[in-house]
Amino acid sequence: MTNPDDNELIRLRREKLDALRGRGTDPFGGRYPVTQWARDLAERLGNANDEELKGFGPVSLAGRVVAIRHHGKTCFAHLMDQTGRIQLYARADGLGDEYARFVELDTGDFVGVTGEMFRTRTGELTVAVKTFAFLAKSLRPLPEKWHGLKDVETRYRQRYVDLIVNAEAREIFSMRARLVHGIRAFLDARGFLEVETPMMQPIPGGAIARPFKTHHNALDLDLYLRIAPELYLKRLLVGGFERVYEINRNFRNEGISTLHNPEFTTLEFYQAYADYSDLMELTESLFVELAHALRGSLSLTWGEHSLDLKPPWRRLAFFDGISQALGLGVTPATDVATIARAAAPRGIAHDGGPAWKLWKDVFETLVEPTLVQPTFVIDFPTELSPLAKRKRDNPQLVDRFELFVARHEMANAYSELNDPIDQLARFREQAALQARGDDEAHWLDEDYVRALEYGMPPAAGEGIGIDRLLMMFANQPSIRETILFPLLRPEGGR
RNA sequence: GAGCCGUUAGCUCAGACGGUAGAGCACCUGACUUUUAAUCAGGGGGUCGUGGGUUCGAGUCCCACACGGCUCACCA
């Protein structure tokens, strides 16, 4: 980053600022009585005739000057507020001495203006400025008006500039707010209670991931930033809340990619007395409602994919997917060596570890890339799902689904294991894996088992990544486009 | 973490073969009382990501490093 004083454009703006102060004008004004937003005026007066405009009366707006066109003894500018843009028109014979100051405005400056509405020769709704006030001098030039700001590094590092100049960026984060609001409305209407559970946890549970570690000094206690809220939300089922949800941050100390940010937002919700098939229907309804609200259609384009969200969505059993991919009937009982022989020519090596690692490998390599249209992958191996309820007719499988859209995992859900004895046994298996150095194992949480011992109603729970869901609805290729301030290395190295 | 690609004016981008760095927009000066990528005339602006090396000479070639993008690996 260059020294601001080295830059001619910044130097000139500083000089203008000093000149304003020298005249006794505060360049960083204060309160300004805003009575209209740009969009209100466009909506109310978009079709008004000259008489109606004349009778409309005075307006008072504030915002950022984003364009200026000097034109002799008149000057046009565009003012941008949170709702949109509106044109300003200043005349030497209308503003008097103040006109000289108006033409000194720079793009980027915040101003407040009052005036009357009229329509220019070319038909644009415009404020004829009567008075104006400096609200904040901008000392840095904005990016170019035509090509805008494209450099992704600058767009992420200086998101404030991205938001000033790129309407698409503003639209994504506006959609994000509508998305989250839509989820809340959907769940609230169905009797779910929104809760907040610890972000700092002594045992990072509910998922398998490398956590961030931190320390509480007064308690001299190591804590982890949560990797999932799951175990706390299920403690609330024990406590008697039958439908709960949380929309909040998770933290995973892992790689960064177009699909991964170290902190990301998830929705998790739990419904007592339901099972995973109820949640498949609920998920379809939720996506349909959101698609209508955000896109007005169930047909979406996401990158190279054309998606049809119309339910019911395809359901594919985990082992059916593997079987089809390998051309070999595979069940949890199938001999590992047999599967390994079928998988090897497809480029999947088996290192002799447990069978479930091979199943997972085959599925991720051969099946997931084929899942473009919304697909529930159902009935996962028990070993991959230490917190899920076993299927009644086959204890080697669990009542679980993952939703895939455009090859990306969008949701993960299961009927919750509420048998404390089985839960403890599965935690111990995981602990044994961990003891053997497997970091892909769930931590043992004894208090969670104790909670289950008090009795947890049968329930189903689901997690949905909000950032990724927004990628789909906003048709974005990278999670960094859906997170306001994605994690980057600090500027200038460490 | 690995591979590939990128980094030139405030912004968007050009810069064959190594020979003193360019354009558009933005900015400054002047003209212009309904413009809107305003127009017209003139002008200023650069440690070419950083540090080394090769060379008479490096934006350009070589090495290292920094930051970013994409792909892969781990994961959601």
Q: With a non-hydrogen cut-off below 4.0 angstrom, is A:Gly463 in contact with a base, only sugar-phosphate, or nothing?
A: nothing
Q: Describe the nucleic acid contact of A:Leu9 in one word from base, sugar-phosphate, nothing, applying a heavy-atom distance below 4.0 Å.
A: base
Q: Once you apply the 3.5 Å cut-off to both distances, tell me the Watson-Crick or G-U wobble partner of B:rA14, or none.
A: none
Q: Assign A:Leu142 to base, sugar-phosphate, or nothing according to its heavy-atom contacts below 4.0 angstrom with the strands shown.
A: nothing
Q: Can you work out whether A:Val152 or A:Arg119 has the more 5'-proximal nearest nucleotide on RNA chain B?
A: A:Arg119
Q: Could you state the atom-to-atom distance from CZ of A:Arg249 to P of B:rA76 in whole Å?
A: 18 Å
Q: Between B:rA76 atom P and A:Phe251 atom CZ, what is the distance in whole Å?
A: 17 Å
Q: Calculate the interatomic distance between A:Leu403 atom CG and B:rA76 atom C1'; express it in whole Å.
A: 13 Å
Q: Which base, if any, makes a Watson-Crick or G-U wobble pair with B:rG6, both distances under 3.5 Å?
A: B:rC67
Q: Distance check, C1' atoms only: B:rA9 and B:rA14, in whole angstrom units.
A: 13 Å
Q: Quantified in whole Å, what is the P atom distance between nucleotide B:rA76 and nucleotide B:rC62?
A: 42 Å
Q: Taking O4'-C1'-N9-C4 for purines and O4'-C1'-N1-C2 for pyrimidines, is B:rC17 syn (within 90° of 0) or anti?
A: syn
Q: If you check every side-chain atom of A:Glu144, which of B:rG68, B:rU34, B:rG24 has the closest atom?
A: B:rG24
Q: What is the base-pairing partner of B:rC27, counting Watson-Crick and G-U wobble geometry with both distances under 3.5 Å?
A: B:rG43
Q: Who is the Watson-Crick or G-U wobble partner of B:rU55, with both distances under 3.5 Å?
A: none
Q: Between B:rU20 and B:rG59, how far apart are the two C1' atoms, rounded to whole Å?
A: 12 Å
Q: Say you pick atom P in B:rG45 and the same atom in B:rG19; how far apart are they, in whole Å?
A: 24 Å
Q: Rounded to whole Å, please give me the gap between NE2 in A:His71 and C1' in B:rC32.
A: 6 Å
Q: Expressed as a whole number of angstroms, how long is the span from A:Leu267:CG to B:rA76:P?
A: 17 Å
Q: With syn defined as a glycosidic torsion within 90 degrees of 0 and anti otherwise, which applies to B:rA16?
A: syn
Q: Rounding to the closest angstrom, what is the interatomic distance between B:rG49 and B:rC11 at atom P?
A: 13 Å
Q: Does the structure place the NZ or CZ of A:Arg235 under 6.0 Å from the centre of the six-membered ring of A:Tyr232, at an angle of no more than 45° from the ring's axis?
A: yes
Q: Would A:Phe319 and A:Trp359 count as a ring pair (Phe, Tyr, Trp, His ring centres under 6.0 Å) here? Give the steps.
A: CA-CA 8 Å; A:Phe319 280 97; A:Trp359 300 335; 5.0 Å; yes
Q: Rounded off to whole Å, could you give me the CZ-to-C1' distance for the A:Arg13 and B:rC27 pair?
A: 9 Å
Q: Does A:Tyr89 have its ring centroid less than 6.0 Å away from the ring centroid of A:Phe118?
A: yes
Q: Which nucleotide wins on minimum distance to the side chain of A:Glu124, given the candidates B:rC74, B:rC28, B:rU35?
A: B:rU35
Q: Check every atom of B:rC67, B:rC28, B:rG69 against the side chain of A:Arg157 and return the nucleotide holding the closest atom.
A: B:rC67
Q: Could you check how far CZ of A:Arg210 sits from P of B:rA73, rounded to whole Å?
A: 16 Å
Q: Scan A:Leu259 against the nucleic acid and name what it touches under 4.0 Å (heavy atoms): base, sugar-phosphate only, or nothing.
A: base
Q: Which parts of nucleotides 2-9 of chain B does protein reach within less than 4.0 Å, heavy atoms only, written one letter per nucleotide 5' to 3' as B for base, S for sugar-phosphate only and - for none?
A: --------
Q: When both hydrogen-bonding distances must be under 3.5 Å and the geometry is Watson-Crick or G-U wobble, what is B:rA37 paired with, if anything?
A: none
Q: Write down the atom of A:Leu41, the atom of A:Gln36, and the distance for their closest heavy-atom approach.
A: CD2-CG, 3.7 Å
Q: Select base, sugar-phosphate, or nothing to describe what A:Asn250 touches, counting heavy atoms under 4.0 Å on all strands.
A: nothing
Q: Could you work out the separation of B:rU50 and B:rG6 based on their C1' atoms and round it to a whole Å?
A: 16 Å
Q: Just checking A:Tyr156: base, sugar-phosphate only, or nothing, at a heavy-atom cut-off of under 4.0 Å?
A: sugar-phosphate
Q: So, A:Ser138 and A:Arg64: side-chain donor and acceptor under 3.5 Å apart, yes or no?
A: no
Q: If you look at every strand shown and take non-hydrogen atoms under 4.0 Å, does A:His78 touch a base, only sugar-phosphate, or nothing?
A: base
Q: Between B:rC28, B:rU35, B:rG1, which nucleotide gets closest to the side-chain atoms of A:Arg489?
A: B:rG1
Q: Distance check, C1' atoms only: B:rA38 and B:rC32, in whole angstrom units.
A: 11 Å
Q: Please confirm whether the shortest side-chain N or O distance from A:Lys73 to OP1 or OP2 of B:rU35 is below 4.0 Å.
A: no
Q: When you check the phosphate oxygens OP1 and OP2 of B:rC70, does a side-chain N or O of A:Arg480 lie under 4.0 Å from one of them?
A: yes
Q: Specify the separation, in whole Å, of atom NZ of A:Lys150 and atom C1' of B:rC25.
A: 12 Å
Q: Do the side chain of A:Gln430 and the main chain of A:Leu444 share a donor and acceptor less than 3.5 angstrom apart?
A: no
Q: Classify A:Gly255 by what it touches in the nucleic acid, base, sugar-phosphate, or nothing, heavy-atom distance under 4.0 Å.
A: base
Q: Quick check for you: among B:rG69, B:rA76, B:rU35, whose closest atom lies nearest to any side-chain atom of A:Ile479?
A: B:rA76
Q: Starting from the 5' end of RNA chain B, give me the residue, A:Pro477 or A:Thr154, whose nearest nucleotide shows up first.
A: A:Thr154
Q: Measure from the side chain of A:Lys145, starting at C-beta and using heavy atoms only, and say which of B:rC27, B:rC25, B:rC70 lies closest.
A: B:rC25
Q: Taking donor-acceptor contacts at under 3.5 Å, does the side chain of A:Thr120 reach the base of B:rU35?
A: yes
Q: Using every non-hydrogen atom in the two residues, find where A:Arg252 and A:Ala228 come nearest and quote the distance to one decimal.
A: NH2-CB, 4.2 Å
Q: Side chain of A:Arg121: nearest nucleotide among B:rU35, B:rG68, B:rA37?
A: B:rU35
Q: Please determine, by modelled atom types, if A:Tyr270 and A:Lys234 share a side-chain donor-acceptor pair under 3.5 angstrom.
A: no
Q: If you compare all heavy atoms of A:Arg468 against all heavy atoms of A:Ile479, which two are closest, and at what distance to 0.1 Å?
A: CG-CD1, 4.4 Å
Q: With a 4.0 Å cut-off on heavy atoms, is A:Asn253 in touch with a base, just the backbone sugar-phosphate, or nothing at all?
A: nothing
Q: Is A:Asp18 paired with A:Arg21 through a side-chain N to carboxylate O contact shorter than 4.0 Å?
A: no
Q: Nearest heavy-atom pair of A:Glu481 and A:Arg155: which atoms, and what distance?
A: OE1-NH2, 2.7 Å
Q: Would A:Tyr224 and A:Trp443 count as a ring pair (Phe, Tyr, Trp, His ring centres under 6.0 Å) here? Give the steps.
A: CA-CA 12 Å; A:Tyr224 299 89; A:Trp443 292 49; 5.2 Å; yes
Q: Could you check whether A:Thr258 gets within reach of a base, just the sugar-phosphate, or nothing at all, counting any heavy atom under 4.0 Å?
A: sugar-phosphate
Q: Does B:rA76 have A:Phe264 stacked on its base, where the ring centres are within less than 5.5 Å and the planes differ by under 30°?
A: yes
Q: What's A:Arg85 touching, base or sugar-phosphate or nothing? Going by heavy atoms closer than 4.0 Å.
A: nothing
Q: Taking donor-acceptor contacts at under 3.5 Å, does the side chain of A:Arg69 reach the base of B:rU35?
A: yes
Q: Suppose you measure atom P in B:rC65 against the same atom in B:rG46; what distance do you get, rounded to whole Å?
A: 32 Å
